[in-house]
2 protein chains.
Amino acid sequence: MSAEITARSKIRPGKRTNDPEGLRKRVLDVAEASFQARGYNASSLGDLMAAAGVTGGALHHHFPTKKALALAVIEGRVAAAVEATWIAPVLAAGSAREGIRSVFEAVATELEQQGFVRGCPLNNLAHELSLVDPDFRAALAGIFSAWREAIADKIRADQQAGREQDTDPQRFAALAVATYSGAMSMAKTTQDSGVLRDCLNALEHGAASASSSKGGAKRRRRVLIGQRSF
Amino acid sequence: MSAEITARSKIRPGKRTNDPEGLRKRVLDVAEASFQARGYNASSLGDLMAAAGVTGGALHHHFPTKKALALAVIEGRVAAAVEATWIAPVLAAGSAREGIRSVFEAVATELEQQGFVRGCPLNNLAHELSLVDPDFRAALAGIFSAWREAIADKIRADQQAGREQDTDPQRFAALAVATYSGAMSMAKTTQDSGVLRDCLNALEHGAASASSSKGGAKRRRRVLIGQRSF
DNA sequence: GACAAAACAGGACAACCGGTCTGTTTTAGA
DNA sequence: TCTAAAACAGACCGGTTGTCCTGTTTTGTC
């Protein structure tokens, strides 16, 4: 436990190089990873300082309180993660449904490769912090809102192209986000990413027909095995 | 904050009545509520002791560690909550889809009445504890499994009655649980229970047609207002 | 009533947490 | 070069946390 590698080289005590942006980035990297792996409350500033190779004074200079650090992680990292893994791919896809499908599959594949499910960063923090502080809640709700709105916008774009005429953009977006969030929750708890593909399949088949239970690809039940993360 | 009511009447210091089952129940009541409202890590044993009107010795006698208490809450209360609000109603319903619909609506109505969304007890604890401890993870995964299996069983029962021939029980169950879990996650974060009805609607319309956007019931956008809980 | 076990009381404690404080070094601008 | 602000170092502190420990009281059993 604790720090395996001291990030900062302290060979020369008399020589120091100020690097506020780099230090800030290192702290955010470590905090993002630790919040994801252990949660906000279980991440102590001492652990973060050690892992980032940062002293208390430096940390306090950039992030006066733990709450400020978490808010910076949410607004600067979690929001970016949702943008990168969901919003951008969906908007760039040929259609909303194609985009959603590709995201589900990309995430499932990634989880299978790394052999460990850490869950959705947004949902992880949302569950822990939404009821604790209004500022946290507002920041997290904003990310959910942007996420849903992007999907709804894509549906509207599809509709202007003559497709998805019977689809309600808002409701469909809510369903897509909810399905992904819930599937990741289960995948994290069971450490089995297969549920992501199950949900995608059921979602694509209109929550009804799942085609032939025989003949088709046998359902994979791949239970992932641990692997240290942090 | 702290204890508003001291549950235990201490009028007679010399008179004491042993009530192990009652005390255990009181502790579990308080712990369940606090875990739900603040989470596991943010709930201190001191607060729980004060709220339940229990001394440290008594608490330690029944629950040697905080982990043991949480495990008891998960296995004794969270599992029962899922059974009562989901499994039993679905199995008792005329069909799986009817059961799912009634549960969604019942929960949405309940949330609207109490004006505050505390989230799904299972998902709340699952996000915070799944990666922390294997025992936690196993207990939580078991509840998810039972939940999904109950819905899948109901689909299979429907199929033996000639319905749902094109539905894959496992996948459909995964989608239902995921949708609910994710919808509750959003509802908690946005403090808006309307997303539950949005998701139910989208789910029932086969993730596609949401009927007329005009003429039909206007979508409710009811933002709930706070209300102390604990 | 004797007695052992269960049930409970309440204090003690060591570890830890987040925040603050003072002091030093680096850096940018005039 | 001088100077002030920014950047960083590192110790310090009050409060809290979970757990443990030693007693005392109640309760079931013979």
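All values reported here derive from a predicted model rather than from experimental measurement. Within every chain, numbering begins at 1; the chains are lettered A, B, ... in the order of the sequence lines, protein sequences first and strands thereafter.
A salt bridge links A/Arg156 with A/Glu149; the closest basic N to acidic carboxylate O contact falls under 4.0 Å. A salt bridge does not link B/Glu32 to B/Lys25: none of the charged side-chain nitrogens sits closer than 4.0 Å to a carboxylate oxygen. Salt bridge absent: A/Arg197 and A/Asp192 never bring a charged side-chain N and a carboxylate O closer than 4.0 Å.
Counting heavy atoms from C-beta on, the side chains of A/Leu196 and A/Tyr180 come closer than 4.5 Å. Within the 4.5 Å cutoff, the side chain of B/Leu48 has no heavy atoms near those of the B/Val27 side chain.
The aromatic rings of A/Trp86 and A/Trp147 sit tilted, their planes meeting at an angle between 30° and 60°.
You'll find that the side chain of B/Ala58 is closest to C/dC8, out of C/dC8, C/dT27, D/dC8.
Between B/Asp19 atom CG and D/dT25 atom C1' there is a gap of 15 Å when expressed in whole angstrom units. The nearest whole Å value for the distance from the NZ atom in A/Lys25 to the P atom in D/dA7 is 18 Å. Atom-to-atom, CZ of A/Phe63 to C1' of C/dT20 comes out at 18 Å; the value is rounded to the nearest Å. One can place CD of B/Glu21 at 13 Å from P of D/dT27, the figure rounded to the nearest angstrom. Whole-Å rounding puts the A/Asn18 CG to D/dC8 P distance at 5 Å. Rounded to whole Å, atom P of C/dC17 lies 11 Å from atom CG of B/Asn41. Summarising the geometry, the separation between NE2 on A/His62 and C1' on D/dA9 is reported as 12 Å, rounded to the nearest angstrom.
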Under 3.5 Å, which N/O atoms of the protein pair with N/O atoms of nucleotides 19-21 of chain D?
from   : atom 1 : to      : atom 2 : distance (Å)
D/dT19 : OP2    : B/Lys66 : N      : 2.8

Please list, for nucleotides 14-16 of chain D, all pairs of protein and nucleotide N/O atoms separated by less than 3.5 Å.
none

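Remark: A/His61 is in phosphate contact with D/dA7, judged by side-chain N or O atoms under 4.0 Å from OP1 or OP2.
In summary, the side chains of A/Lys188 and A/Asn124 do present a donor paired with an acceptor at a separation below 3.5 Å, with no hydrogens or angles considered.
Not a single donor-acceptor pair under 3.5 Å links the side chain of B/Lys154 to the backbone N or O of B/Ala92.
A side chain to side chain donor-acceptor pair (under 3.5 Å) check over residues 126-135 of chain A, counting only residues at least two apart or in different chains, returns the pairs A/Asn41-A/Glu128, A/Lys67-A/Asp133, A/Lys67-A/Asp135, A/His127-B/His127, A/Ser130-B/Thr189.
A donor and an acceptor atom never sit less than 3.5 Å apart when one is taken from the side chain of B/Arg16 and the other from the base of D/dT26.
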